[in-house]
Protein chains: 2
Amino acid sequence: MMKWWGWGDQKITFPMHEKPTLWPWISSKLNMKSERATPPVARKDVAMPPPTVNHAFLAALKEKLKADQITSDDEARLHHCYGKSYPNLFLARKGYIQQAPDLIVYPRSHDDVVAVIELANKHDVCVIPFGGGTNIVGGIDPREDGDRMIVTLQMTQMSRLISVDKMANTATIEAGALGPKLEQDLQAQGYSLGHYPDSFEYSTLGGWLATRSAGMQSDAYGKIEDMAVCMKMVTPAGTIVTRPFPASSAGPDLNRLMCGSEGVLGVITEATMRVHPTPAVKDYRGFLFKNFESGVVAIRELIEKNHLPSMIRLQDEGETELAFNMKSPPKGLQAFVAKGVKGYLKRTGYTKPVIMVVGWEGLEESLVHRREEGLAILKKHGGFALGKSVGTSWSKDKFNMPYLRDWVMDRAVMCDVSETAATWTNVLPLHAATTAAVKEKFKQEPSGDGYVGCHISHTYETGCCLYFTYAAVQRPGQELEQYYEYKKLVTDTFMRTGGTLSHHHAIGYEHMPWMEQEVSPTGVEALRALKAKLDPKGILNPGKLIPQKLEVSTEVAKIPADGIEGWGAQSFQPKTLQTATYEAGSD
Amino acid sequence: MMKWWGWGDQKITFPMHEKPTLWPWISSKLNMKSERATPPVARKDVAMPPPTVNHAFLAALKEKLKADQITSDDEARLHHCYGKSYPNLFLARKGYIQQAPDLIVYPRSHDDVVAVIELANKHDVCVIPFGGGTNIVGGIDPREDGDRMIVTLQMTQMSRLISVDKMANTATIEAGALGPKLEQDLQAQGYSLGHYPDSFEYSTLGGWLATRSAGMQSDAYGKIEDMAVCMKMVTPAGTIVTRPFPASSAGPDLNRLMCGSEGVLGVITEATMRVHPTPAVKDYRGFLFKNFESGVVAIRELIEKNHLPSMIRLQDEGETELAFNMKSPPKGLQAFVAKGVKGYLKRTGYTKPVIMVVGWEGLEESLVHRREEGLAILKKHGGFALGKSVGTSWSKDKFNMPYLRDWVMDRAVMCDVSETAATWTNVLPLHAATTAAVKEKFKQEPSGDGYVGCHISHTYETGCCLYFTYAAVQRPGQELEQYYEYKKLVTDTFMRTGGTLSHHHAIGYEHMPWMEQEVSPTGVEALRALKAKLDPKGILNPGKLIPQKLEVSTEVAKIPADGIEGWGAQSFQPKTLQTATYEAGSD
């Protein structure tokens, strides 16, 4: 169970003491005049709303499940109130609970899920599937408009590796398996799924599938939907079951209908996934490029020549500066050498270099030529090899970033991420437009400045994902308003410059206002049709993914009568977004 | 326009004179006692049913389109009565027209299609999208139960290459573009889609997308749905428009909902496709393996070592024998050498060899190592290199096979193909079970024997496609009954042994009775929901893909009151199939 107010294990905090230049650099970047402490409230100061109880449902449920599979304990409820978006954590830290689930249910089998959904449908009780709880787009917090009871279906007790088919390179796995458990079970049999999203430690197979997640090595293994061979999804109208085939042409692909369904169309209970023998070699290396543009040119040549590695991550100037300050400073001889290299690089034109981390995975014999040819292409475009240590320190820090967010939120800093994907034609213009828009916005902050950085990851023949991180000193009393100003600005910029609404974070309610722009009004109608048929009473994860028919609520959340400090989100008006139109290829 | 009674250009017939051993070999294989001529009826003996006319619709349509875009000419109607399945051609050759479209409409733009669909929806007129007309599963012939007017939308005048984005490796193309036109336009700009299904010469981009087609080089470029970046699909409820992204997590992938929709959910009018620079090298080579099994082992090692070529086609014993008899006999020195090689092979254990054709495409520098390592793996598993001539003769003959079917149908031979895909675990058992079932069935024929062969093509990490061809002497007076006995036997065997209903031929009405088994009853409900929302009056391609709710018609087609020679299909009872259940992993 993660912190109710932040990321990860209660005992883990960001290791700032190991990184002496980091906080001074951030403070200066944000133009922070003085440090203001904004710790989370104490647990005792969090007032949980009393649960709504549908007695007939509860009685029937108790007949079906064991006593230890059901709880209305406040501690469990608190841990399922929010995902891990910035506004989620901001509210949690204030001790303000918008809505809490009334009951937490722990299914242990597909049949348990069927029983819960049947009873919930019969008694008109809402159900929210919940894996590790890492969603950052508002995918798992209750958003019930009416007064129905809300059940959160805690899936992590369904974590079995059911079978591995070594001939077919497939594994059948229960949907509640968390990343580490799933990989451990597979690796014990010599296999790997190879799906490592940033949330890996606290996210589940079902969550990945329901949000079309992308792991760091997606260049080698694909996005999660590319790995899904077949699935089971329980809906109030019955269970959709697909069969294990490498490919098919039997009508529209129902696996792709279940992937990305965000708990709104059904509850994914198990999946057969494409797996591969555990890679013998994991070779990660760092490179410096003179600028972001030359890094992009190198990636495009790797693609063109069909020498794409398993992973490429290209950081822009902003994120490279952050990465340099994430490092522990070198000592002794290492420091001497580092200084020498730095001088050499400056003299040869790497004045504002950017970092690229490249990884090759697989059998040594299979990747030796690919790597050799890849290295030659990187060198040709000015890639300066930093060796394997950069790869190692990147691997070490890759799961640390969400802890850093908690650290800065303790010090009155707004910090968010927004990601998209665009075709290569749009990558550099989108990067430039978004960076410029955010920087311009920083000028309007009282502090007058902020941090924005971006990396490219997940590359395709046609384009790539761009992942932005931005931070600024909070505007006291207007924290959520501030956040939604950036969210709208960045998302509008993505939509205007050819970016998708999300490459791997999904929709939830945070991205819902743009759905008609993204998939066209008729596309949304198609999703509504599926929803109406599979979940006619609308019990599944209400208020997510599919915008309401007539209007999108202009409220981001329900405002308490007496207000909370800093509440300003009501000025965010998704309605105006929804009427804007996007012309593909315009701009 | 293809022959109304057969495949391809009126002027082209199968070059049997170049293959002196072929017909004797087939006759012997089928145990054909005497040759019976069964030519198609003369054009004048085909009685076209008078067209149904919805006058209000026709008048309104004439306001929207030019006169030369609309015809009810019998010649045009005849050419749009049938696809190219065996029962389609059998009926056409008898001069028996089950149903004919009443009007052929030739849209020239997306807006033309919108206008037709709007008017058809308003006036309750059925619309069947029609590309090149090569469908062999009953996807394009009229199946209207009532008395509504039927329009066939002939898409091939919408064939423009709208734009190529060389930076993004994408091209936007109108859906009616036939394969050769599409490739010619792209190759003029140095690009290629690289999608070469067997039907290439006579099929369209829209048809490929609507049926989830697979081209011969799908190992390199993916199935057509993998290449689709975004699309437009016109429905009675509006147009679904997706945007060009390399990947997204914005809800279920609507591109995958449009792919495989078979004209039942909408009319695809244009698509942005992933393309690639025209491959500099196309290196196709033939190999002999001692048996089918060792060929499969070699393919699996290519996959495991990540050295998969652009194409692999492994023929089993039956199909290899056919291939040997497709060749012109060698002469002079060539014959002498051939004889020597043959002797050598027999002595070294290649007594009943099988052929593998392997192709590498791309830049020489990118594939040199992959090919080298691939060749070593093939050799290791007993692959005897036949050189590039086999690749060349295979390339020459690959589009010829449908003409051979016409040739044997002129001589009272039933000939059909059935294809599926299965995981590697199921590939050999499915191959053995299907081959055995068909051979057992041959024993019950009056002739007592027949031909069955299979090849593997389209390989994946998890499995591959298996493509069966079978032939037997027709049972006079029971030709369709005979065909449906084999169709049911083979499809039931696929379903029982872990095969998909279709890997790339789609559903139409021929595979519809198995749809609930394939995607589960709730899966079919999801498709029905989409149909009801996007096409509430059911005007789009009725009777295809999505089985009727309460019962599947037990008639394969409407039987004329006075009967036709050989009509026996009514004994085919899809109802019993539909109630059978398939347990994934059983058997």
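These figures come from a predicted structure and were not determined experimentally. Here is the naming used below: chain letters follow the sequence lines, and residue numbers restart at 1 for every chain.
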For B/Cys464, is it the side chain, the backbone, both or neither that has a heavy atom under 4.5 Å from a heavy atom of chain A? backbone

Under 3.5 Å, side chain of B/Ser249 to main-chain N/O of A/Arg212, donor-acceptor pair present? no

Using non-hydrogen atoms and a 4.5 Å limit, figure out which bit of B/Lys305 sits close to chain A: side chain, backbone, both or neither. both

Counting only non-hydrogen atoms closer than 4.5 Å, does B/Ala422 touch chain A with its backbone (N, CA, C, O), its side chain (CB onward), both, or neither? backbone

Is B/Met515 close to chain A through its backbone or its side chain, or both, or neither, when contacts mean heavy atoms under 4.5 Å? side chain

If one checks every heavy atom of B/Thr459 against chain A at 4.5 Å, the contacting part turns out to be neither

Listed by chain and number, what are the salt bridge (charged side-chain N to carboxylate O under 4.0 Å, His left out) partners of A/Glu518, not counting sequence neighbours? B/Arg243

Residue part contacting chain B, namely of A/Val519, when any heavy atom lies under 4.5 Å: both

Is the side chain of A/Arg300 donor-acceptor paired with the backbone N or O of B/Met167 at a distance under 3.5 Å, no angle test? yes

Side chain, backbone, both or neither: which part of B/His307 has a non-hydrogen atom closer than 4.5 Å to chain A? side chain

Go through the steps to decide whether A/Glu373 and B/His369 satisfy the test side chain to side chain donor-acceptor pair (under 3.5 Å), and finish with yes or no. CA-CA 10 Å; A/Glu373 285 149 358; B/His369 293 296; 3.2 Å; yes

Non-hydrogen atoms of chain B under 4.5 Å away: do they reach the side chain of A/Glu225, the backbone, both or neither? side chain

Which answer fits B/Ser502, side chain, backbone, both or neither, if we ask what part of it has an atom under 4.5 Å from a heavy atom of chain A? both

Is it the side chain or the backbone of A/His458 that comes within 4.5 Å of chain B heavy atoms, both, or neither? neither

Interface residues of residues 256-265 of chain A facing chain B - heavy atom cut-off under 4.5 Å: A/Arg256, A/Leu257, A/Cys259, A/Gly260, A/Ser261, A/Glu262, A/Leu265

When heavy-atom pairs shorter than 4.5 Å are enumerated against chain B, which of A/Asp253, A/Thr172, A/Asn169 gives the highest number? A/Asp253

